[in-house]
Amino acid sequence: MAGLAEVLARPSLEVAPALLGATLRHRTPEGEVAVRLTEVEAYAGADDPGSHAYRGVTRRNEVMFGPPGRLYVYFTYGMHHCCNVVVGTEGTASAVLLRAGEVVEGVELARSRRPGSSDRDLARGPARLCKVLAIDGRHNGAELSSGDLTLTPEDPVPAEGVATGPRVGLRDAADHPWRFWLRDDPTVSTYRPAAPLRRRRTPPA
DNA sequence: AGTTTGATTGGCT
DNA sequence: GCCAATCAAACTC
């Protein structure tokens with residue numbers, strides 16, 4: 001199995017499928033939870049209209065422009081965190097969104113962080129994955145494999161075990177098949193096309 | 001400076 | 001299937 005830095009140094013479209021089956025582990029004082037990645041999405045940087053990096057550096061996305069091997073965590077919908085692994089070479093702002101996984105260690109702790117969830121759904125979705133791993137804004141910019149967070153790559157999954165399709169929830173650049181998942185894995189999230197424009201909440205006059 | 005939207009989720013019809 | 005929650009970033013004056 002290749003080392004982490006070696007795996008992450010490649011373009012996001014190559015790194016994304018290579019991360020399927022890898023394990024992301026977070027140690028906290030309460031204990032440890034590990035998730036085996038089953039679904040990811042590639043984001044190609046400044047040229048990718050679907051990427052947060054598309055419009056250049058901002059305070060939110062600056063971590064994406066830094067060196068690979070760090071976590072890019074963003075806050076969305078006023079309540080959720082989602083996390084990416086920064087990949088490629090410094091300055092390319094490419095990243096891989098971790099969309100879903102299977103909890104393979106610390107199941108009880110994971111359950112306590114998402115009460116009421118079935119085990120299958122514990123990390124089935126990008127915000128759920130962050131929740132069971134207790135990843136939030138404090139981990140934005142955190143280096144992997146040098147502290148509480150560890151990302152352990154696995155040997156590549158055979159090509160026939162990997163499925164690809166359009167990225168989820170994007171209005172722009174949704175047509176590229178840059179989402180990768182383990183075929184037939186029950187913890188892969190259900191595909192939802194981009195949310196149609198929400199109806200105005202402003203009441204009529 | 002005010003408005004709209006979002007790499008989502010959970011709850012209800 | 002539809003919709004609200006809830007806030008920061010992006011977009012429009």
Side-chain angles (χ1 to χ4, degrees), chain A residues 11-13 15-17 19-20 24 35 37-65 70-88 92-101 103 110-141 163-181 186-205:
Chain A
S12 57
L13 273 173
V15 178
L19 287 181
L20 292 174
L24 179 62
V35 168
L37 302 178
T38 59
E39 179 186 355
V40 297
E41 277 176 2
Y43 285 85
D47 296 331
D48 175 3
S51 171
H52 287 170
Y54 185 55
R55 314 220 170 237
V57 186
T58 66
R59 185 149 81 248
R60 175 172 71 160
N61 69 19
E62 62 186 356
V63 172
M64 294 180 84
F65 289 83
R70 291 182 181 169
L71 228 43
Y72 163 51
V73 183
Y74 68 92
F75 182 61
T76 192
Y77 287 96
M79 62 190 98
H80 300 302
H81 294 278
C82 298
C83 79
N84 299 245
V85 178
V86 178
V87 304
T92 58
S94 48
V96 176
L97 171 69
L98 309 183
R99 283 202 55 89
V103 175
R111 287 182 187 132
S112 75
R113 288 171 176 164
R114 298 203 60 227
S117 168
S118 68
D119 286 357
R120 179 200 189 200
D121 285 351
L122 280 173
R124 188 172 180 238
R128 293 166 168 181
L129 184 147
C130 282
K131 191 86 159 104
V132 293
L133 285 168
I135 289 173
D136 60 26
R138 299 190 304 265
H139 301 282
N140 188 38
T164 73
R167 294 180 291 189
V168 176
L170 293 187
R171 317 233 317 274
D172 295 329
D175 47 331
H176 297 90
W178 288 350
R179 173 178 175 240
F180 300 85
W181 65 94
T187 65
V188 170
S189 70
T190 55
Y191 177 73
R192 281 140 127 157
L197 283 189
R198 259 185 307 159
R199 205 173 35 169
R200 294 282 116 59
R201 280 192 312 107
T202 29

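All values below were derived from every heavy atom in this structure, side-chain atoms included, with hydrogens, water molecules and symmetry-related copies excluded.
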P gap between C:dA4 and B:dT4, integer Å
15 Å
Walk me through whether A:L170 and A:W178 qualify under side-chain contact (heavy atoms from CB on, under 4.5 Å).
CA-CA 12 Å; A:L170 293 187; A:W178 288 350; over 6 Å; no
Assess whether side-chain contact (heavy atoms from CB on, under 4.5 Å) is satisfied between A:H139 and A:C130, documenting all intermediate values.
CA-CA 10 Å; A:H139 301 282; A:C130 282; over 6 Å; no
A:F75 CZ: over 12 foreign heavy atoms closer than 6.0 Å:
yes
The side chain of A:A127 lies closest to which of these nucleotides: B:dT9, C:dA8, B:dT5?
B:dT9
Take atom CH2 of A:W181 and atom P of B:dA7, then tell me their distance rounded to the nearest Å.
19 Å
Kindly express the pairing pattern of DNA chain B in dot-bracket notation, using | wherever a base pairs with another strand and counting only Watson-Crick or G-U pairs under 3.5 Å.
||||||.|||||.
Any A:T58 side-chain nitrogen or oxygen under 4.0 Å from OP1 or OP2 of C:dA10
yes
Across the strands shown, which category fits A:G50 at heavy-atom distances under 4.0 angstrom: base, sugar-phosphate, nothing?
base
Which nucleotide sits closest to the side chain of A:R55: C:dC11, B:dG10, B:dA7?
C:dC11
When you measure from the side-chain N and O atoms of A:H52 to the phosphate of B:dA7, is any distance below 4.0 Å, counting only OP1 and OP2?
yes
Grab the two heavy atoms, one from A:R167 and one from A:D48, that are nearest each other, plus how far apart they are.
NH1-OD2, 2.7 Å
ring centroid sep under 5.5 Å plus plane angle under 30, A:Y77 with C:dA5
no
Rounded distance in Å - CG (A:D136) to C1' (C:dC7):
15 Å
Verify stack between A:Y74 ring and B:dA7 base, 5.5 Å, 30 degrees:
no
Round to a whole Å and report the spacing from CE of A:M79 to C1' of C:dC3.
12 Å
Could you tell me how far B:dT5 sits from C:dC3 if I compare only their P atoms? Round to whole Å.
15 Å
Separation of B:dG6 C1' from A:H81 NE2 (nearest whole Å):
15 Å
Rounded distance in Å - CG (A:L97) to P (B:dT8):
8 Å
Heavy atoms only: give me the nearest A:G137-A:H81 pair and the separation to one decimal.
N-CE1, 3.4 Å
Do A:L24 and A:I135 pass the side-chain contact (heavy atoms from CB on, under 4.5 Å) test, and can you show the C-alpha distance, the side-chain angles, and the key distance before you say yes or no?
CA-CA 11 Å; A:L24 179 62; A:I135 289 173; 4.2 Å; yes
Rounded to whole angstrom units, what separation is found between the NZ atom of A:K131 and the C1' atom of B:dA7?
19 Å
Looking at every strand, decide which applies to A:R60 at a 4.0 Å heavy-atom threshold: base, sugar-phosphate, or nothing.
sugar-phosphate
side-chain N/O A:R128 vs B:dG10 OP1/OP2, d < 4.0 Å
yes
Has A:R179 got a side-chain N or O lying under 4.0 Å from the OP1 or OP2 atom of B:dA7?
no
Checking B:dG6, C:dT6, B:dA7 against the side chain of A:R171 (C-beta onward), the nearest is B:dG6
What is the nucleic acid contact for A:R59, judged by heavy atoms within less than 4.0 Å: base, sugar-phosphate only, or nothing?
nothing
How close do A:C82 and A:L97 get, heavy atom to heavy atom, and via which atoms?
CB-CD1, 4.1 Å
Protein-nucleotide distance (A:Y54, atom OH; C:dC11, atom C1'), rounded to Å
15 Å
Name of the residue among A:V35, A:V103, A:L129 meeting side chain to side chain contact (heavy atoms under 4.5 Å, CB included) with A:L122:
A:V103
Closest to the A:H80 side chain: B:dT8, B:dA7, C:dT6?
B:dT8
Member of A:V96, A:L13, A:T38 meeting the side chain to side chain contact (heavy atoms under 4.5 Å, CB included) criterion with A:F180
A:L13
Take atom C1' in B:dA7 and the same atom in C:dG1, then report the distance between them in whole Å.
22 Å
How long is the line joining CZ of A:R114 and P of B:dG11, in whole Å?
10 Å
